[in-house]
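Labels below follow one simple rule: chain letters A, B, ... track the order of the sequence lines, proteins then strands, and each chain is numbered from 1.
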Protein chains: 2
Amino acid sequence: MNKNRDLDLPLKKDYIPNLAYDSVIFGCNGEQLKILILEYHNTNLFALPGGFVKKNENLDSAVARGLRERTGLDHIYLEQFHTFGDTLRSRPEVMRTLLKANGYEVPEDYWLLQRFLTVAYYALINYDEVQPMPDALSDSINWYSIEELPPLIMDHSVIVKTAVQTLKGNLEKKLVGMNLLPTKFTMRELQQVYEAVLGEKLRRTTFQRKILGLDILARHEKLFSGGAHKAPYLYSFK
Amino acid sequence: MNKNRDLDLPLKKDYIPNLAYDSVIFGCNGEQLKILILEYHNTNLFALPGGFVKKNENLDSAVARGLRERTGLDHIYLEQFHTFGDTLRSRPEVMRTLLKANGYEVPEDYWLLQRFLTVAYYALINYDEVQPMPDALSDSINWYSIEELPPLIMDHSVIVKTAVQTLKGNLEKKLVGMNLLPTKFTMRELQQVYEAVLGEKLRRTTFQRKILGLDILARHEKLFSGGAHKAPYLYSFK
DNA sequence: TGTTTATTGTCTCAATTTATTACAATAATA
DNA sequence: TATTATTGTAATAAATTGAGACAATAAACA
């Protein structure tokens, strides 16, 4: 197999053992809430983007680093939501399969085949302003609607479900919705984000009154989209 | 020093390296929200109860095990709330101090002196029905009001603050309040728990109507306390 | 150039929820 | 039997939210 690719693999000596992180990276295309999913080379295996924590690196920094590598973006809204630590979540045979598919034959005691706990984060980014990049072991990274995910490896489906639940809960409490939009956005776009996250239609007038009442938005010029109707104002987060 | 106590120390081979857990164990005496704090032997150092995860043990099980050891209680309400992973949170000199104070001289590369990330949980228990027990390295474990904590080692004060914030947020969302009370309790006791957690007085009639309206309580016999007034009903969680 | 269409911003009134007050019931005591 | 402290619930006021109405307006069209 492809022995000269070994240098791509993370080295045991550089990382905290038995500990990983995974990121649920949310975007919204105006209709649906979506997340970024990796597809591993030659395997038909799908997974969340993730990585490992360097021995002298903050946990948060490690996740931000991985996110930068996948999205090219900096200063992303990022929030830790749960650490998954069941013994049964680790599936060495899955890891072995995807290493093999990439040309790596590893010994029985290879560090990546051990048990891993993972700290899960969710990130909110602007769907339209990102050019996602696959990692060393995967050949594609794509947006998937949270309603139509491919089967994910290990416990990644549970991680996604937990992320969606957490995001729902934080939407009104922490007002994180605008992180899924560009700096300036219309009230309708914001409402569409809320509807995609909550999974339900909202009443336009009530929504507008509530959001404006929070006094967190600054109003800017109008947006002339070319449509045959009144132009909406643009808003930004204060 | 006391070499024959070495057997009490956790052995590196049994545990996931670089990973710990800490528990913020809440109780309520009717007036104040309190937590259990350990005082280490001969050091004047105070800390949260915590421990390590065995190589083949679920994370949640490890925390439940530690909680059982400190409180003697089983089936405790337990919730993970954050994983703390900054490099600077680890303070090997603190660990060395408290090992020394207990008679343990350890080498420079001793595993407990390395960097540790910690998964933090909070637990809710009945203040009156627990006989807390100190761990191997500590000589006391006591209730402290969250308003009057002693100075805690490392980042344990931050962990406590985060726990209190999380508990506040979950009080109404997850209705966890009754876990701080015995099986049967009066409406006033429940209100006192809410007031202690939220840090504010609540209106009696509004509180009673809201809680009863949730339809989560079963009403039982009255409690005759001996006071010169109408006796309140006892309630339990449905 | 007026007319039409789709959408927006805001207002009004109804429905619901929450806050506040009031008050009768009652357990022990004097 | 009156007094005291507290409880359960009802009644009313205030605030919030739901639902509809409507004028304003940007572009297309006749």
Side-chain angles (χ1 to χ4, degrees), chain A residues 28-31 168-169 171-173 175 177-178 181-238, chain B residues 28-31 168-169 171-173 175 177-178 181-238:
Chain A
C28 182
N29 72 344
E31 307 273 311
K168 267 193 199 183
L171 189 60
E172 309 206 36
K173 204 169 50 184
L175 305 168
M178 31 288 287
L181 291 169
T183 317
K184 289 184 178 179
F185 49 86
T186 64
M187 192 58 72
R188 171 196 273 265
E189 288 171 329
L190 185 59
Q191 182 175 345
Q192 283 175 328
V193 165
Y194 272 67
E195 289 175 340
V197 172
L198 298 175
E200 57 177 324
K201 288 285 169 197
L202 300 175
R203 201 155 269 277
R204 183 179 65 89
T205 54
T206 310
F207 180 79
Q208 179 138 341
R209 184 178 45 187
K210 189 173 76 182
I211 298 290
L212 290 179
L214 294 174
D215 201 39
I216 52 167
L217 295 188
R219 179 179 279 184
H220 302 284
E221 73 281 7
K222 289 186 173 185
L223 171 69
F224 298 93
S225 63
H229 51 75
K230 187 172 177 178
Y233 288 107
L234 285 169
Y235 295 90
S236 69
F237 188 55
K238 246 182 198 172
Chain B
C28 182
N29 72 345
E31 307 273 312
K168 267 193 199 184
L171 189 61
E172 310 205 36
K173 204 168 50 185
L175 305 169
M178 31 288 286
L181 291 169
T183 317
K184 289 185 180 178
F185 49 85
T186 65
M187 192 58 72
R188 170 197 273 267
E189 288 170 329
L190 185 59
Q191 183 175 342
Q192 283 175 327
V193 164
Y194 271 67
E195 290 175 340
V197 172
L198 298 176
E200 56 177 323
K201 288 286 168 195
L202 300 175
R203 206 157 264 278
R204 182 179 66 90
T205 54
T206 309
F207 180 80
Q208 178 137 340
R209 182 162 43 85
K210 188 173 77 183
I211 297 289
L212 291 179
L214 295 172
D215 202 38
I216 52 166
L217 295 188
R219 179 179 281 185
H220 302 285
E221 72 280 8
K222 289 186 172 183
L223 171 69
F224 298 92
S225 62
H229 53 76
K230 189 173 178 178
Y233 288 107
L234 285 169
Y235 296 90
S236 70
F237 189 54
K238 248 184 198 172

>> Among D:dT4, D:dA26, C:dT10, which nucleotide has an atom closest to any side-chain atom of B:Ala228?
In response: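 Given the options D:dT4, D:dA26, C:dT10, the side chain of B:Ala228 is closest to D:dT4.
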Would you mind reading off the distance between [X] atom [atom1] and [N] atom [atom2], rounded to a whole angstrom?
X        : N      : atom1 : atom2 : value
B:Leu223 : D:dT6  : CG    : P     : 14 Å
A:Leu212 : C:dG9  : CG    : P     : 8 Å
B:Lys222 : D:dA5  : NZ    : P     : 19 Å
B:Gln191 : D:dT6  : CD    : C1'   : 12 Å
B:Glu189 : D:dT6  : CD    : P     : 14 Å
B:Leu217 : D:dG8  : CG    : P     : 12 Å
A:Ile211 : C:dG9  : CD1   : P     : 13 Å
B:Gln208 : C:dA19 : CD    : P     : 15 Å

>> Consider side chain to side chain contact (heavy atoms under 4.5 Å, CB included). Of B:Arg219, B:Met178, B:Glu189, which one does B:Tyr235 pass it with?
In response: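 Exactly one option meets the side chain to side chain contact (heavy atoms under 4.5 Å, CB included) with B:Tyr235, and it is B:Arg219.
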> When A:Ile211 is tested against each of A:Leu175, A:Leu190, A:Thr206 for side chain to side chain contact (heavy atoms under 4.5 Å, CB included), which residue passes?
Replying inline: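 Among A:Leu175, A:Leu190, A:Thr206, the one that satisfies the side chain to side chain contact (heavy atoms under 4.5 Å, CB included) with A:Ile211 is A:Leu190.
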>> Please find the pair of heavy atoms, one from B:Lys173 and one from B:Gly169, that lie closest to each other, and give the distance.
In response: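 Shortest heavy-atom contact: CB-O, 3.7 Å.
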> How close do B:Ser236 and B:His220 get, heavy atom to heavy atom, and via which atoms?
Replying inline: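 Where B:Ser236 meets B:His220 most closely, the heavy atoms are OG-NE2, 2.6 Å.
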> Taking B:Glu195 for the side chain and B:Leu202 for the main chain, is one N or O donor matched with an acceptor at less than 3.5 Å?
Replying inline: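 Present.
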> Going by number, which of residues 193-207 of chain A have a non-hydrogen atom under 4.0 Å from DNA chain C?
Replying inline: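 Contacting residues: A:Arg204, A:Thr205.
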> On DNA chain D, nearest-nucleotide positions of A:Ala231 versus B:Pro232: which is more 5'?
Replying inline: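 Its nucleotide being nearer the 5' end, the pick is B:Pro232.
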> Reckon A:Lys210 touches a base, only the sugar-phosphate, or nothing at all at heavy-atom distances under 4.0 Å?
Replying inline: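 If one applies the 4.0 Å heavy-atom cut-off, A:Lys210 turns out to touch nothing in the nucleic acid.
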> Can you list the steps and then say if A:Gln192 with A:Cys28 is a side chain to side chain contact (heavy atoms under 4.5 Å, CB included)?
Replying inline: CA-CA 9 Å; A:Gln192 283 175 328; A:Cys28 182; 5.6 Å; no
>> Nearest heavy atom decides the nucleotide; on that basis, is A:His229 or A:Arg209 closer to the 5' end of DNA chain C?
In response: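 It is A:His229 whose nearest nucleotide is closer to the 5' end.
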>> Please determine whether any donor N or O and acceptor N or O are separated by less than 3.5 Å between the side chain of B:Lys230 and the base of D:dT7.
In response: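 Yes.
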> Is any side-chain heavy atom of B:Met187 less than 4.5 Å from a side-chain heavy atom of B:Leu217?
Replying inline: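 They are in side-chain contact.
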